[in-house]
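Data block below; observations after.
All heavy atoms count here, side chains included; hydrogens, waters and symmetry mates do not.
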Amino acid sequence: MIDPRVQQLARNLVGYSIDCQPNDKVLVEMFGKERDLVNAIVEEIYVRGGIPYVNLIDHTVQRSLLMGASESTVRFWADVDLYRMKQMDAYIGIRAGDNVNELSDVPDPNMRIYEKLYKHPVHSEERVKRTKWVVLRYPNASMAQLANTSTKAFEDFYFKVCNLDYARMSNAMDAL
């Protein structure tokens with residue numbers, strides 16, 4: 001059974017953060033292993049009449065790709081993913097994973113190439129400027145360690161914060 005807090009988070013992301021409308025094409029991109037949230041988001045996109053598209057990324061595989069990436073390889077990835085991003089109306093990015101430092105030993109020149117030739121055109125120029133988007137981290141043991149808490153305590157804190165009624169809060173602030 002799915003955690004109801006995950007379902008609420010999916011409703012918040014799809015309904016409030018990106019305000020999914022009928023026929024909106026939504027790219028859901030998960031970096032890590034969490035599938036319950038991705039499934040809940042997909043279901044919520046369908047409830048609102050949107051069209052979900054999912055991309056699952058494993059950090060250990062991404063590391064392998066980046067270790068040997070040349071400029072021409074990264075340009076190819078960017079061309080493909082820029083085309084895909086241009087088809088989207090909205091983007092939900094979820095970052096999770098067992099090791100927040102998985103890419104730390106990728107050589108600096110490779111990371112600079114990736115940042116310049118891939119991330120900048122695909123994300124900074126296209127996604128950020130032309131789609132409705134939200135990016136969030138997802139609670140896991142690695143994040144709990146960084147916060148010096150147990151995984152359970154961190155999850156409870158995370159869901160309390162992420163599942164606030166932000167629409168109501170925004171309306172209250174607008175009334176001031």
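- Looking only at side-chain heavy atoms (C-beta outward), Phe31 and Gln62 come within less than 4.5 Å of each other.
- Between Cys162 and Leu9, the shortest heavy-atom distance links the atoms CB-CD1, 3.8 Å.
- Considering only residues two or more places apart in sequence or on other chains, Asp36 meets the side-chain hydrogen bond (donor to acceptor under 3.5 Å, both in side chains) condition with none of them.
- Residue pairs meeting the side chain to side chain donor-acceptor pair (under 3.5 Å) criterion with at least one member in residues 100-113, sequence neighbours excluded, are Arg63-Asp105.
- No continuous path of ILVMFWY side-chain contacts below 4.5 Å connects Ile51 to Tyr53, so the two sit in separate hydrophobic clusters.
- Hydrophobic cluster of Val100: the remaining members, joined at side-chain heavy-atom separations below 4.5 Å, are Leu146, listed by chain and number.
- In this structure, Ala144 and Ser150 approach most closely via the heavy-atom pair CB-O, 3.6 Å.
- Looking at Asn55, its side chain never comes within 3.5 Å of a backbone N or O of Glu29 through a donor-acceptor pair.
- Contact between Ser142 and Asp98 at its shortest, heavy atoms only, is CB-O, 3.4 Å.
- A distance of 10.0 Å separates CE of Met67 from CG of Leu103, quoted to the nearest 0.5 Å.
- Val122 approaches Leu82 most closely through the heavy-atom pair CG2-N, 3.9 Å.
- Between the side chain of Asp24 and the backbone N or O of Val26 there is no donor-acceptor pair closer than 3.5 Å.
- The hydrophobic cluster containing Leu164 does not contain Tyr158, counting ILVMFWY residues as joined when their side-chain heavy atoms lie under 4.5 angstrom apart, directly or transitively.
- Separation of atoms CZ (Arg84) and NZ (Lys25) is listed at 14.0 Å; rounding is to 0.5 Å.
- Pairs of residues two or more places apart, or lying in two chains, that qualify as side chain to side chain donor-acceptor pair (under 3.5 Å) and include a residue from residues 7-20 are Gln8-Arg11, Gln8-Asn12, Asn12-Asn163, Asp19-Gln21.
- Ile18 and Ala90 make their closest contact through CD1-CB, 3.7 Å (heavy atoms, listed as atom of the first residue, atom of the second, distance).
- For the pair Arg95 and Val135, the tightest heavy-atom approach, listed with the atom from each and the gap, is CZ-CG1, 4.0 Å.
- Note that the OH atom of Tyr138 and the CE atom of Met30 stand 7.5 Å from one another [nearest 0.5 Å].
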Under 3.5 Å, sequence neighbours excluded: what are the donor-acceptor pairs made by side chains of residues 68-81?
from	atom 1	to	atom 2	distance (Å)
Ser70	OG	Ser72	OG	3.1
Ser70	OG	Thr73	N	3.2
Ser70	OG	Thr73	OG1	3.0
Asp81	OD2	Tyr118	OH	2.5

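- Within 6.0 Å of the CZ atom in Arg137, the count of heavy atoms belonging to other residues, nucleotides or ligands does not exceed 12.
- Residues Tyr166 and Val14 do not share a hydrophobic cluster, defined by chaining ILVMFWY side chains whose heavy atoms lie under 4.5 Å apart.
- For Phe159, the CZ atom is densely surrounded, since the number of other residues' heavy atoms within 6.0 Å is greater than 12.
- In this structure, the side chains of Leu136 and Ile94 come closer than 4.5 Å at one or more pairs of heavy atoms.
- A donor and an acceptor atom, one from each side chain of Glu125 and His120, are located under 3.5 Å apart.
- Counting heavy-atom neighbours within 6.0 Å of Met173 CE, excluding the residue itself, gives a total of 12 or less.
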Enumerate, atom names and distances included, each donor-acceptor pair closer than 3.5 Å involving a side-chain atom of residues 42-50, sequence neighbours excluded.
from	atom 1	to	atom 2	distance (Å)
Arg48	NH1	Cys20	O	3.0

